[in-house]
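Notes to accompany the following structure.
Residue numbers start from 1 in every chain, and the chains themselves are labelled A, B, ... in the order their sequence lines are given, proteins ahead of strands. As the structure is a computational prediction, the values presented were derived from the model and not from experiment.
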Protein chains: 2
Amino acid sequence: MTRNHTREDILSEAARLFARAGYKGTSLHDIAVAVGCSKATLLYHFSSKDALLAALVEPAIQELRALDTRLATLDGESARAAAVDGFVDLVLRYRRQVTLVYDSLQATEIPRFAGIDALSERLVRAFAGHSPDPVDDIAARVVLSGICTVVIEHADPDGIDLRDALTTVAERVLRPRTRQES
Amino acid sequence: MTRNHTREDILSEAARLFARAGYKGTSLHDIAVAVGCSKATLLYHFSSKDALLAALVEPAIQELRALDTRLATLDGESARAAAVDGFVDLVLRYRRQVTLVYDSLQATEIPRFAGIDALSERLVRAFAGHSPDPVDDIAARVVLSGICTVVIEHADPDGIDLRDALTTVAERVLRPRTRQES
DNA sequence: GTCTATAGAAGGATAGAC
DNA sequence: GTCTATCCTTCTATAGAC
């Protein structure tokens, strides 16, 4: 089918190794060994290690931008629900890339990622249902980042449906309170 | 007062830089420049880069173990509350170390950290109130890791009381449901 | 497209003067 | 205790043959 099997192999192995040891913790040599080729081959397909990272994360970033655009047309409660569903779906489909977006923002300076901080803030606001309560804001941040970390670490999809569980948890935290304190 | 001002400076600057760029992403040269000394001085005070990391994280790990021990004497609901309060307190007091414990487990092999995975699992179980429901388990993981990430990123302690907010959020997710579905 | 060989920089760590 | 100088390794990236 695809003739770029080497290119695909590189992307696949790089994703695996980056997710395990981090971007800085993975060398081109490591990737080359995993793929079964030389470092020079890696750099034939991708102009640099940074470029490899960018290629790896690009589709995830694009989908994140698409979600952001979609959310802009919604408001309040419906935006919150769409944000949760959309984000959980995205994170589950791009498990390995998620870690990278996290540590790559600090690890490298890839211009393509510009504007992602603002996007991230809009996502937090959507999770919070645009509530003015600071606690709702913190709740949104906890859930957002917690979902990322859990998906990263939860390698094995055993019995339970992770998507449902994550969505349920998010609803627990984010759904507007019906005043009932202890 | 303390005569080890250089040693303290090194620990302080290393904590700052490690938290910003990660362990692998920070070189001894970076730390030396920040402290205003040479690499050799760094390695006079700490036998290796790994040893510096260990010294930095050690107190946090010890307190984590202490919390774990304390929790072992409690059960169910009281254990859950104690776990949340204790953990939030710990994470807030060791903000910078938290990131390190996360990425150092993958970055380096420091024997002193042995057994921390099991400890971490016990903490998750305590957060979940030892509920057998898998969703409660996921909820505990989301909150636990979410709290860590939020504290790391939430550098500035502006108006709101982060401790109260985090505790409140944790209670929202973890407190046993009174059956009320949408 | 893939390789070997190698350049050139940066990393951690040591030796020895002060 | 702190420094400069140096060693050795590893890293990213390039050159050029096949």
Which nucleotide, [options], lies nearest any side-chain atom of [X]?
X	options	value
A:Lys39	C:dC3, C:dT14, D:dT12	D:dT12
A:Ser38	D:dC3, C:dT4, C:dG1	C:dT4
A:Lys49	D:dC3, D:dA13, C:dT2	D:dA13
A:Leu43	D:dA13, C:dA13, C:dC3	D:dA13
B:Cys37	C:dG1, C:dG11, D:dC3	D:dC3

Answer yes or no: is there a donor N or O on one side and an acceptor on the other, between the side chain of [X] and the main chain of [Y], under 3.5 Å?
X	Y	result
B:Tyr94	B:Ile61	no
B:Ser120	B:Ile116	no
A:Lys49	A:Thr26	yes

* **Ion pair A:Arg141/B:Glu153, N-O distance below 4.0 Å** =>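 Salt bridge: no.
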Is any side-chain nitrogen or oxygen of [X] closer than 4.0 Å to OP1 or OP2 of [N]?
X	N	answer
A:Thr6	C:dT2	yes
B:Tyr44	D:dT2	no
B:Thr41	D:dC3	yes
A:Ser27	D:dC11	yes
B:His5	D:dG1	no

[N] [atom2] sits how many Å from [X] [atom1], rounded?
X	N	atom1	atom2	answer
B:Ile10	D:dT2	CD1	C1'	10 Å
A:Asp9	C:dG1	CG	C1'	14 Å
B:Lys24	D:dC11	NZ	P	8 Å
A:Ile31	D:dT12	CD1	P	8 Å
A:His45	C:dG1	NE2	C1'	6 Å
B:Phe46	D:dT2	CZ	P	11 Å
A:Leu42	D:dC11	CG	P	13 Å

* Asked: Hey, does A:Leu28 reach any base, or is it just sugar-phosphate, or nothing, if we go heavy atoms under 4.0 Å?
  ->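 Sugar-phosphate, no base atom in range.
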* At what distance, to the nearest 0.5 angstrom, does CG of B:Asp117 lie from CZ of B:Arg122? ->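 Between B:Asp117 CG and B:Arg122 CZ, I get 10.5 Å after rounding to 0.5 Å.
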